[in-house]
Protein chains: 2
Amino acid sequence: MSDNVTPFIDFLDSVVPMTKEGKAFMKSRLFTLSLGKGEYAYEIGSVCHRIGFVTDGVLRVVQLNEDGSEYTKYFINEGHFSVDLESFSSGLPSQEYQEALTPCRMIVMTKEMAEVFHTHVEGFSRAVSILTERALLEKIKIKSEMFTDDAPTRYEKLLERNPSIIQRVPLQVISSYLGVNQATLSRIRKQLR
Amino acid sequence: MSDNVTPFIDFLDSVVPMTKEGKAFMKSRLFTLSLGKGEYAYEIGSVCHRIGFVTDGVLRVVQLNEDGSEYTKYFINEGHFSVDLESFSSGLPSQEYQEALTPCRMIVMTKEMAEVFHTHVEGFSRAVSILTERALLEKIKIKSEMFTDDAPTRYEKLLERNPSIIQRVPLQVISSYLGVNQATLSRIRKQLR
DNA sequence: AGCCGTTTTTGACAAATGTCAAAAATTACC
DNA sequence: GGTAATTTTTGACATTTGTCAAAAACGGCT
């Protein structure tokens, strides 16, 4: 059960229906990976050569600012992908890292697998296109919203959209994601009671 | 010359090399479109059913906030695409509109054309995937950066990245893009002299 | 239960940005 | 070339958010 890769296959299948053969082909190659709290899915400077479909846990994508401070670009939780698309596609070193905020489990597809799937699994390419577009559009939407909203609204929207994050992630990380000072976020939270 | 569609074809060809036949196939179908200053590429509530490759001019993508105020999500200038990908892919009504800030010219590919190209032009699908990913990643990158920077830095980066925008676009629009009050932006600009 | 390290809250104050309205500058148009 | 309309700048002030440091609360561990 712990190395069950079907959730990922089911997910792809729900986007673009696949043949039994295609699914079996993928099933025999995919594998699962566990990360302990605080471990990295990949690091700055290394090339991201795999995509993880997260089935348990939360990760955060972290970018380093020029002044050395860290910024949480976004969170990844169940049903979403752990990958640095930029590095994955280009083969260039990653400019970000991903840290498991809780113990995580993901179904892993390496770059080599993906290349094989593209030619051997009908519908795979199309599913990837659709999912990539969908994921990136969602991120743009969220970032755009955050831009027009003030800090309390940003916090409330995160709470609505992703209540489990608030429970599982320390305040200092959330504040970095919301672009608000930690003390300010603490006060905002106080207001909302 | 004014209805020359080759810039778009050359652009695709530079991403994924195409056959002579493929290029001729597209060339005979694509057409150009001109927009006067203030005209819309598409409107809120309508479905976006075409992609425009902008060869001249600047457009802005505008989102309406709940309070009725407008927010400039981003600018589109020469060499970039005028499209609401969300509406284009889903067929659902658009939640944004695009306004020509200057007279614009673009090479247009309709959704119907795109569907035909997918099956008749080798490499087309792959080029589209690559370009989509590239464009969306760029937008995420810009938005993320804007999030960690303060207002003067945001202005300076826009100036670096896109000096022509500053010349061609009124201050009030830029301020909406930068997420800064217009008066504040005016003062920032004063500082930087 | 009690200790230690970490996280969160709080206070006092500083800095940045927003708001509103009027003046100045610029642009468009007859 | 002059006038109206639009855009930008400026002033005075309010509000929001940041900073820093200390206190309080929390969590893990033995």
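Here is how names work: the chains are called A, B, and so on, in the same order as the sequence lines, proteins then strands, and each is numbered from 1.
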Kindly point out which of [options] is positioned nearest to the side chain of [X]?
X        : options                : value
A:Pro152 : C:dT19, C:dT17, D:dT17 : D:dT17
A:Pro170 : C:dT7, D:dG18, D:dT10  : C:dT7
A:Thr184 : D:dG18, C:dG18, C:dT10 : D:dG18
A:Lys190 : D:dG18, C:dT10, C:dT9  : C:dT10

Determine: side-chain N/O of [X] to OP1/OP2 of [N], distance under 4.0 Å, yes or no.
X        : N      : value
B:Arg189 : D:dT9  : yes
B:Arg193 : D:dT9  : yes
B:Asn181 : C:dT19 : yes

Residue pairs passing the salt bridge (charged side-chain N to carboxylate O under 4.0 Å, His left out) test with at least one member in residues 157-179 of chain A, sequence neighbours excluded, are A:Glu78-A:Arg168, A:Glu145-A:Lys157, A:Glu145-A:Arg161, A:Asp149-A:Lys157, A:Lys157-B:Glu66

Could you label the plane-to-plane angle of the A:His118 and A:Phe124 rings as parallel, tilted or perpendicular, counting under 30° as parallel and over 60° as perpendicular?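 Because their plane-to-plane angle is over 60°, the rings of A:His118 and A:Phe124 count as perpendicular.
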
Would you call the rings of A:Phe81 and A:Phe8 parallel, tilted or perpendicular, where under 30° means parallel and over 60° means perpendicular?
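The rings of A:Phe81 and A:Phe8 stand perpendicular, inter-plane angle above 60°.
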
Would you indicate what B:Ala151 reaches in the nucleic acid, counting non-hydrogen atoms under 4.0 angstrom: base, sugar-phosphate, or nothing?
sugar-phosphate

**Message:** Under 4.0 Å, counting only non-hydrogen atoms across every strand here, what does B:Gln182 touch: a base, just sugar-phosphate, or nothing?
**Reply:** base

| task | Indicate whether any N or O donor in one side chain lies under 3.5 Å from an N or O acceptor in the other, for A:Thr110 and A:Arg50. | result | no

Going by modelled atom types, is there a donor-acceptor pair between the base of D:dG18 and the side chain of A:Arg187 at under 3.5 Å?
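A donor-acceptor contact between them is absent.
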
